[in-house]
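To keep things clear, I will list the structure first and then write my remarks on it.
Only heavy atoms go into these numbers, but all of them, side chains included; no hydrogens, no water, no symmetry mates. Counting starts at 1 for both ligands and their atoms, following the listed order.
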Amino acid sequence: MSYRESTLITGIGELVTNDGDQGAYAAITDAALVIAGDRVAWTGPASRAPAADAVADAGGRAVLPGFVDSHAHLVFAGERSAEFAARMDGRPYRAGGILVTVEATRAASDAALRANLRRLAAEMLRQGTTTFECKSGYGLTVPDEARGLALAAEVTPEVTYLGAHVVPPEFTADPAGYVDLVCGPMLAACAPSARWVDVFCEDGAFGADEAAAVLAAGQAAGLGARVHAGQLGPGPGVRVAAEAGAASADHCTFLTDADVDALVSTPVVATLLPGVEFSTRQPYPQARRLLDAGATVALATDCNPGSCFTSSMPFCVALAVREMRMSSQEAVWAATAGGARALRRTDVGHLGAGARADLIMLDAPSHAYLAYRPGVPQIAAVWQAGRLVAGAVP
Ligand SMILES: [Zn+2]
């Protein structure tokens, strides 16, 4: 048997497929994989690999599904390194820091926003992220939010309307008026570019009723729901996400037992963003509590200029293993298949036959090296939809 326009990658020391029971972590050693067009056509032992038009030898290196980063804020201008440095000197992070970025983003040209967005998207790709979500939320006016989402839609299909990121200063005296804007004219202008609606449900941002109203309005406009929940303290975010049938509750740093029950008993994915706790010097989310209870856990970067400016999924995997006591298998699954579930995608996050051919070759023999060698660039090559888009087979 052979495949047309195909590439056989053989000599794979460890091929992580995530094709176990119900999509659980699974891997094959001494493996091979065939890419045909934009899809994975075959995986199995190298000794049984079919012929293909081209052959690449992995030389014993590991191949993994491309990372799926299901939470990122990439449409912004300016930077906040001074705020980060001050925080490291002992001043706590407050949600209000977002407004610094809002001001810079509103003042930026389309070209400047696009250039920053594309630079970050390229940076992600080089680090093995082949699918990423991108939120608005630094415009907070009808035209600025619509502009942010149109720009995001140029680089990813996973576009999230986050008009309800924070109440902008011009609505300080009338937060209800701002929620009406988010649910009305702003949503109407943004929905055509978006797939998702998100809300920052937190003290100092939006409460339970406001968050539920934002999600309901977005869903009525055809968007799927996601929620920023329990980042800064316990709150109603997970409950609101569960009641709305959201795809994901993100952060989950502060959870009640009822929240954990809700995450276990509904399809809501608990998306953990440990780069935030690293960058704000806060306690990490209790991943073991969620995993041991049976919740579905995803890992994502939350890449944004304020609370966490990493775009590196390998860094998040290392944090998850070292700081949150996830096994390397759990962390890699959460950063690939978990992210796919948080985006309700079945074509990415795994490498079974028929999956989109999004894969990374590590310059290392196993997935465990991602946490074993933290901070070391180990992504040798990246394929997206069957095309080699970064690096090269060494
Ligand atoms: Zn976020």
Next on the checklist: Suppose we only allow N, O or S atoms; which atom of D302 ends up nearest to the Zn ion (ligand 1)?
Outcome noted: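 Distance check against the Zn ion (ligand 1) picks out OD1 in D302.
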Checklist entry - For the Zn ion (ligand 1), does an N/O/S atom of H73 lie at less than 2.8 Å? => result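 So H73 does bind the Zn ion (ligand 1) by this criterion.
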Item to check | the Zn ion (ligand 1) reached by D250 (N, O or S, under 2.8 Å) | outcome: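 It does not; every qualifying atom lies at 2.8 Å or beyond.
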Checklist entry - Under 3.5 Å, is there a donor-acceptor pair linking the side chains of T280 and Q282? => result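 Checked: T280/Q282 side chains show no N/O donor-acceptor pair below 3.5 Å.
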Checklist entry - Is the gap between the ring centers of Y25 and H367 under 6.0 Å? => result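 Ring centroids of Y25 and H367 are less than 6.0 Å from each other.
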Checklist entry - How about I9 and M361: do any of their side-chain heavy atoms sit closer than 4.5 Å? => result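 Yes, close enough: below the 4.5 Å cut-off.
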Next on the checklist: Counting C-beta onward and ignoring hydrogens, is there a side-chain heavy-atom pair between L223 and Q219 closer than 4.5 Å?
Outcome noted: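 No. Closest side-chain heavy atoms not under 4.5 Å.
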